[in-house]
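This report refers to the structure that appears directly beneath it.
By convention in this document, chain letters (A, B, ...) are assigned in the order of the sequence lines, proteins followed by strands, and residues within each chain are numbered from 1.
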There are 2 protein chains.
Amino acid sequence: MTPGVEHVAGSPAPRSADVAKLAGVSRKTVSRVLNNEPYVSDEARERVLAATEELGYRLNHAARALASGRTRSIGVVALGTAGYGTASLLMGIEQAVRNAGYALRVINTPDGAPKSIAGAVESLLEQGVDGLVVSEPIVEGDVALRIDVPVLFLGAPPAFTATRTLTVGVGAHPLARAATEHLLDLGHTTVHHLAGPRHWYATKDRIEGWRAALTERGAYEPPLLNGDWSAASGYAAGRALAADRSVTAVFAAGDEMAIGLIHALREAGRRVPDDISVVGFDGNPVFAYVSPPLTTVRQPFDAAAEEGIRLLVHAIEEPDTALPPASDPPVELVVRGSTAPPPPPPSGLARPAAT
Amino acid sequence: MTPGVEHVAGSPAPRSADVAKLAGVSRKTVSRVLNNEPYVSDEARERVLAATEELGYRLNHAARALASGRTRSIGVVALGTAGYGTASLLMGIEQAVRNAGYALRVINTPDGAPKSIAGAVESLLEQGVDGLVVSEPIVEGDVALRIDVPVLFLGAPPAFTATRTLTVGVGAHPLARAATEHLLDLGHTTVHHLAGPRHWYATKDRIEGWRAALTERGAYEPPLLNGDWSAASGYAAGRALAADRSVTAVFAAGDEMAIGLIHALREAGRRVPDDISVVGFDGNPVFAYVSPPLTTVRQPFDAAAEEGIRLLVHAIEEPDTALPPASDPPVELVVRGSTAPPPPPPSGLARPAAT
DNA sequence: ATGAAAGCGCTAACAT
DNA sequence: ATGTTAGCGCTTTCAT
């Protein structure tokens, strides 16, 4: 039994004036209480809260937004896949936004093309948001819009201009580098890279991390392979790669592509990790339970989302203060069973092949 | 080069009065054009549209909502996992909502507990929504709230009362049944079931479909196993199951649990599908690329979301009309490599074990 | 087919 | 510490 008044269906929703009357104060005092403003006596506050409860009063956000010019909403432009990475990032953003006391408006751009992003931003702005999050946009083309709220670019550099832009990386560069170095440390001469679709910033970032590791070690940089994040595209790349006997290590830009890749390799008679090592990217825990368990690098989605939203909220609420510095998320390499030292050189002069 | 006026930062955003003045009409006419109302001459409409464009005018949703009492937003209470199923359903909802011309507000309830759901609903109502979607809520406990907008329960029966409630199943029952029947058809005497967490409606639904298939064929109903949707929980269940030599077929309520299960089975020396067949649930395409490729049943997330939103929008816009009937989504069994006929009876009288 | 006036429920600025 | 007044930018009457 919850105490409280049963409301007849159809009775109009109570307004702040009703609360004020019941509490015996003015509407402004009600407003003060509801917004945690100072200069309200404890007694008045008590009475207002009690009246609010008794009437089942719910503040009207539209009216508040209209009067105050602030919506207490943050809009996010998300990329339209149901993949582990995208979904994890979105959940992280949702939680961070809610914890900061803001509401969330979401628009998905199925393709992530500049035009779709522009449309999404425009629509979010019209709906009314105090800030915008643009998650991992594509890098081609331009977006020309009048944007007068701060914009957070998550995992990518600013893709367009706004009053105030912020950027928080998801640390893909060092992660890609760590993945590549892991393979190099194992003794592989070089590491091939199965990248994501061109035009994605996430793709570019990982390529650069991979390249940096190779360059630093003076390793040969093999030609790039491109997939579309899907396991099917990884499988296709794997078929092509299996024919090349010189390949002993591959770093895939996504776990799912890595899974497809491994499948193709094994179908072609190449053993993983005995003949070829594969590292994924993202850290989806389910791939600890496939054969071989996938070595991967964990993306700090929650940390990136939290950090980003913290900055965005700061930019919204204290536009003139300097931003607190961004902290770099830790690199987390998850070594499982899909990586091993390279196989001994094929037959030949050195010594007879061991078992 | 996009044509249009460059706006000086800081100049106030244009209002409908500005558009009206530029177009030489009244504010009401502007409003009519923007809302596609009748009784506007083509000429006036043209002029208004041109002025809108020229000023870079954006309608203020908060003001509209306040004046009209309608927000053109739909709120969704989602369950907080980044799993393939949940994420797919959310994307489907987002797209359907957007196509219907509504904006989306999302709140995630990490645990899905009744209290969290109540909090989420309350918050969404306060933010202002014309309708609510509650996705696969947990079945325990009560939620007592005054809700005066239509509510769509997706994949579960109504969990609380509102002005108007709608329900759209995701068709889990027939899907679970099809999965079980597939195994029975293969010749298995019975089928074990690795269910999801208790209290989830999705769990209950699948159990019932499984049980119905078993009962209809007169098959013995083995005791239930429970997981938490994760691969790790599937792995734990698999370890327990591997000891029981009588088990030849398992239907797991989620793909990830199936993957964990298979992993444990194989570690224990049981071959899949030769010794034990496993069917998953959801249809995540990546599991076509593991060994063995996972036989599963595809959930029609997009269809369910679309159907549900269609109904919800109907309830919002024409509260008095009867609802168009819901169409049942098709059952899609995806047979891959994790299922096969049961192994021949162990040693004994029949005939010597082959190979 | 178009316009003028009123008001949605709240907060801002300025009282007191 | 509290109240009063005047809008926020739109849509709704109801005129014309």
Side-chain angles (χ1 to χ4, degrees), chain A residues 11-49 51-52 55-73 101 103 125-130 148-149 317, chain B residues 11-49 51-52 55-73 103 125-130 148 317:
Chain A
S11 69
R15 293 154 308 153
S16 78
D18 300 322
V19 175
K21 198 187 300 170
L22 185 63
V25 298
S26 74
R27 273 162 57 207
K28 179 60 211 181
T29 298
V30 173
S31 170
R32 275 194 261 260
V33 172
L34 265 23
N35 291 294
N36 280 314
E37 283 171 26
Y39 305 120
V40 183
S41 67
D42 287 354
E43 192 207 315
R45 169 164 276 120
E46 287 292 307
R47 286 212 310 277
V48 168
L49 258 17
T52 298
L55 294 173
Y57 171 74
R58 271 197 287 258
L59 194 140
N60 182 326
H61 263 64
R64 167 195 283 199
L66 183 57
S68 70
R70 298 218 12 228
T71 62
R72 289 200 82 75
S73 290
L125 251 20
E126 189 170 288
Q127 287 164 35
V129 291
D130 293 342
D148 30 26
V149 298
E317 299 182 350
Chain B
S11 69
R15 294 156 307 153
S16 78
D18 300 322
V19 175
K21 197 187 301 171
L22 185 63
V25 298
S26 73
R27 275 162 58 210
K28 177 62 211 181
T29 298
V30 173
S31 170
R32 275 194 263 262
V33 170
L34 265 24
N35 292 293
N36 281 313
E37 283 170 26
Y39 305 120
V40 183
S41 67
D42 288 353
E43 193 207 315
R45 168 163 277 120
E46 288 292 307
R47 285 212 309 276
V48 169
L49 258 16
T52 298
L55 294 173
Y57 171 73
R58 271 197 287 258
L59 194 139
N60 181 326
H61 264 63
R64 168 193 283 201
L66 182 56
S68 69
R70 298 222 7 231
T71 62
R72 289 200 82 75
S73 289
L125 251 20
E126 189 169 288
Q127 286 165 35
V129 292
D130 293 342
D148 31 26
E317 299 181 350

* Tell me, what's DNA chain C's dot-bracket, Watson-Crick or G-U with both distances under 3.5 Å, | for other-strand, [ ] crossing? -> |||||||||||.||||
* Structure fact -> Taken to the nearest 0.5 Å, the spacing of A:Leu59 CG from A:Thr52 OG1 works out to 9.5 Å
* Can you tell me if NZ on A:Lys28 sees more than 12 non-hydrogen neighbours from other groups inside 6.0 Å? -> yes
* Asked: B:Leu34 has an atom CG; how far is it from atom P of D:dC10, in whole Å?
  -> 8 Å
* Would you say C:dT11 has OP1 or OP2 under 4.0 Å from some side-chain N or O of A:Asn35? -> yes
* To do: Examine D:dG9: is either OP1 or OP2 under 4.0 Å from a nitrogen or oxygen in the side chain of B:Tyr57? Give yes or no.
  => no
* Using whole Å, report how far CD of A:Glu43 lies from C1' of D:dT2. => 13 Å
* To do: Could you tell me whether the side chain of A:Leu22 reaches within less than 4.5 Å of the side chain of A:Asp18, counting heavy atoms only?
  => no
* Tell me which of B:Glu37 and B:Ala62 sits closer to the 5' end of DNA chain D, going by the nucleotide each one is nearest to. => B:Ala62
Are any protein N/O atoms closer than 3.5 Å to N/O atoms in nucleotides 2-6 of chain C? If there are, list each pair with its distance.
| unit_1 | atom_1 | unit_2 | atom_2 | d |
| --- | --- | --- | --- | --- |
| C:dT2 | OP1 | B:Ser41 | OG | 2.9 |
| C:dT2 | OP2 | B:Ser41 | N | 2.5 |
| C:dT2 | OP2 | B:Ser41 | OG | 3.4 |
| C:dG3 | OP2 | B:Ser26 | N | 2.8 |
| C:dG3 | OP2 | B:Ser26 | OG | 3.0 |
| C:dG3 | OP2 | B:Thr29 | OG1 | 2.7 |
| C:dG3 | N7 | B:Arg32 | NH2 | 2.9 |

* **Between P of D:dT12 and CZ of B:Arg64, the distance in whole Å** => 9 Å
* Asked: Closer than 4.0 Å, any side-chain N/O of A:Ser31 to the OP1 or OP2 of C:dC10?
  -> no
* Structure fact -> Note: B:Arg27 and B:Ser16 closest approach over all heavy atoms is CG-OG, 3.9 Å
* Check against side chain to side chain contact (heavy atoms under 4.5 Å, CB included), A:Tyr57 and A:Leu34 -> CA-CA 11 Å; A:Tyr57 171 74; A:Leu34 265 23; 3.6 Å; yes
* Asked: Closest approach of A:Glu126 and B:Arg58, non-hydrogen atoms and distance?
  -> N-CD, 4.1 Å
* Asked: Which atoms form the tightest heavy-atom contact between B:Gln127 and A:His61, and what is the distance?
  -> O-CB, 3.6 Å
* Rounded to the nearest Å, what distance is computed from the CG atom of residue A:Leu66 to the P atom of nucleotide C:dC10? -> 12 Å
* Using whole Å, report how far CG of B:Asn60 lies from C1' of C:dC10. => 13 Å
* Asked: How far apart are the closest heavy atoms of B:Gly128 and B:Ser73, and which atoms are they?
  -> O-CB, 3.9 Å
* Asked: Please give, in whole Å, the distance from D:dT2 C1' to A:Arg47 CZ?
  -> 11 Å
* Structure fact -> Between CZ of B:Arg15 and C1' of D:dG7 the distance, given in whole Å, is 11 Å
* Begin with the C-alpha distance, continue with both residues' side-chain angles, and end with the deciding distance and a verdict on side chain to side chain contact (heavy atoms under 4.5 Å, CB included) for A:Asp130 and A:Thr71. => CA-CA 6 Å; A:Asp130 293 342; A:Thr71 62; 3.0 Å; yes
